[in-house]
Protein chains: 2
Amino acid sequence: MALAHAILTALVDEELSGYDLAKRFDASLGHFWKASHQQIYKELSKLEQRSLVAARVIEQQARPDRIVYSVTEAGLAHLRDWAGAPAKPAPVKEDLLVMCHALGLVPAETLRTQMMKRNAYARERMEMLQRLEAKLFPDPAALKGRALGQYLSLRGGVRYERLWIDWSEECSALLEAREPRLKGHP
Amino acid sequence: MALAHAILTALVDEELSGYDLAKRFDASLGHFWKASHQQIYKELSKLEQRSLVAARVIEQQARPDRIVYSVTEAGLAHLRDWAGAPAKPAPVKEDLLVMCHALGLVPAETLRTQMMKRNAYARERMEMLQRLEAKLFPDPAALKGRALGQYLSLRGGVRYERLWIDWSEECSALLEAREPRLKGHP
DNA sequence: TAACCCATGTAACCTGTTACATGATTAA
DNA sequence: TTAATCATGTAACAGGTTACATGGGTTA
């Protein structure tokens with residue numbers, strides 16, 4: 001359900017095609033949210049059926065026509081209703097949590113390797129997000145409206161990666177303590 | 001895909017029926033992972049078809065027979081293979097992140113209310129997990145095998161709720177600073 | 001000449017939720 | 001007598017992934 005709202009939100013500022021949206025979801029919101037173009041096209045036609053967005057065709061020569069969408073009044077109202085309704089926490093479906101529970105069947109070293117890989121990944125992402133933060137929002141105290149929202153979600157992203165860095169290190173340390181390396185690692 | 005592995009993991013220690021598993025997913029692993037009984041029954045029959053689990057019927061009088069499952073050798077091997085293969089981070093699909101991006105269309109006060117609700121929820125859950133931690137794992141340094149894995153996942157849960165507490169407060173503060181309450185709240 | 005970008009989609013499939021269905025037993 | 005527990009499932013739908021399809025234009 002939330003993909004629909006993410007699309008509506010993106011369409012508020014500007015008319016966008018499905019193709020544009022798919023790219024957009026790789027950029028701003030897309031730091032957290034991934035949606036494939038297939039899914040976006042599907043969702044857009046559903047939204048159009050419900051009259052929450054309006055389509056407009058832009059003819060092009062030498063390549064397929066673009067179909068751009070904008071939010072309707074009904075779409076805006078729908079978005080506001082949604083924002084007022086209680087949001088429920090997304091379920092956490094992390095493979096690494098399941099692997100933790102599988103410890104004992106699976107060697108501690110295997111899990112530790114996974115944790116260290118995740119650590120490296122989280123570090124990279126955190127740095128990337130922090131660079132973005134410094135570049136786009138040098139003065140957070142002055143932010144308001146749309147920009148403030150983007151800043152807050154970036155902060156959430158940074159905190160999220162921080163969580164992974166810290167937790168994976170805690171896991172790694174405890175797993176190593178339990179199963180010390182024997183050779184080749186001083 | 002990961003539900004299958006969660007089920008296999010749970011079945012390693014003991015034979016369980018679909019009904020048992022559904023309850024189990026409300027307890028230990030279930031602090032993070034939710035699965036409905038419908039989904040579990042479906043998954044179990046798929047696992048049986050692939051010979052990763054074996055079924056055994058326990059006849060009962062006056063209520064439906066139980067069908068209990070145990071992991072096969074192939075199931076164990078499958079689990080180990082999975083644990084060795086690179087785990088990919090689960091996508092984050094949080095409504096509240098989308099709402100952040102919708103700020104400007106949606107009043108700051110609405111978002112702030114959502115954040116404070118989430119804060120209260122996260123506090124409750126964190127306390128619950130911490131009580132569990134203190135009760136089940138008074139001496140973390142001594143843990144190994146299965147118990148260590150459960151401890152680590154609990155720690156992950158605590159950190160996760162901590163993230164929500166901190167982030168929601170950061171958001172709440174910035175949203176309030178931007179849109180100060182006018183009346184009735186000293 | 002190969003690979004990628006633009007721009008749209010279809011089809012099959014897997015995962016997960018909601019609602020419905022049965023029918024006896026036990027506790028409030 | 002109402003509701004909950006035990007124990008199984010089916011069916012319809014929503015959400016999401018992967019693979020396939022088209023076809024000109026641009027860049028290496």
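Labels below follow one simple rule: chain letters A, B, ... track the order of the sequence lines, proteins then strands, and each chain is numbered from 1.
No donor-acceptor pair under 3.5 Å is formed between the side chain of Gln114(A) and the backbone N or O of Leu96(A). No donor-acceptor distance shorter than 3.5 angstrom exists from the side chain of Ser172(B) to the backbone of Met115(B), with no hydrogens or angles considered. Under the 3.5 Å distance criterion, the side-chain polar atoms of Asp20(B) are matched with a main-chain donor or acceptor of Ser17(B). At distances below 3.5 Å, at least one donor-acceptor pair connects side-chain atoms of Arg125(A) with backbone N or O atoms of His31(A). Here the side chain of Trp167(B) pairs a donor or acceptor atom with the backbone of Leu152(A) at under 3.5 angstrom.
Aromatic ring orientation, Trp82(B) versus His5(B): parallel (interplanar angle below 30°, classes split at 30° and 60°). Classification of the Tyr151(A)-Phe137(A) ring pair by plane angle, with boundaries at 30° and 60°, yields perpendicular.
In this structure, the OH atom of Tyr19(B) is 18 Å from the P atom of dG23(C), given to the nearest Å. Going from atom CD1 of Ile40(B) over to atom P of dT15(C) covers 14 Å, rounded to whole Å. Atom pair His37(B):NE2 and dT15(C):P shows a separation of 19 Å (rounding to whole Å applied). Rounded to a whole Å, the CD atom of Gln39(B) is 11 Å from the P atom of dT18(C). As a whole-Å value, the separation of Lys42(B) NZ from dC13(C) C1' is 12 Å. Atom CD1 of Ile7(B) and atom C1' of dG16(C) are 13 Å apart (whole Å).
Ion pairing of Glu15(A) with Arg66(A) is absent here, as no side-chain N (NZ or NE/NH1/NH2) approaches a carboxylate O to less than 4.0 Å.
Between its two ends, the helix from dT1(C)-dA28(D) to dA28(C)-dT1(D) turns its axis by 40°, counting five pairs per end and rounding to 10 degrees.
At dT8(C), one or more side-chain N or O atoms of Ser17(A) fall inside 4.0 Å of OP1 or OP2 (strictly under the cut-off).
Mapped onto DNA chain D by nearest heavy atom, Gln38(B) and Lys23(B) fall at different nucleotides, with Lys23(B) at the one closer to the 5' end.
The side-chain heavy atoms of Gln150(A) and Leu136(A), taken from C-beta on, include no pair separated by under 4.5 Å. By the 4.5 Å heavy-atom criterion applied to side chains, Glu48(A) and Tyr69(A) are counted as neighbours.
Near-neighbour residues of DNA chain D inside residues 76-101 of chain A, defined by a heavy atom below 4.0 Å, are absent. Taken residue by residue, residues 45-63 of chain A places heavy atoms nearer than 4.0 Å to DNA chain C at Gln60(A), Arg63(A).
Distance CG/Leu163(B) to OH/Tyr160(B): 7.0 Å, rounded to 0.5 Å.
Grouped by direct or indirect side-chain proximity (heavy atoms under 4.5 Å, Ile/Leu/Val/Met/Phe/Trp/Tyr only), Tyr121(A) sits alone.
Where DNA chain D meets chain A (any atom under 4.0 Å from a heavy atom), the bounding nucleotides read 5' to 3' are dG15(D) to dG25(D).
Evaluation of the salt bridge (Lys or Arg N to Asp or Glu O under 4.0 Å) test over residues 141-155 of chain A, restricted to residues two or more places apart or in two chains, returns Asp13(A)-Arg146(A), Glu133(A)-Arg155(A), Arg155(A)-Glu170(B).
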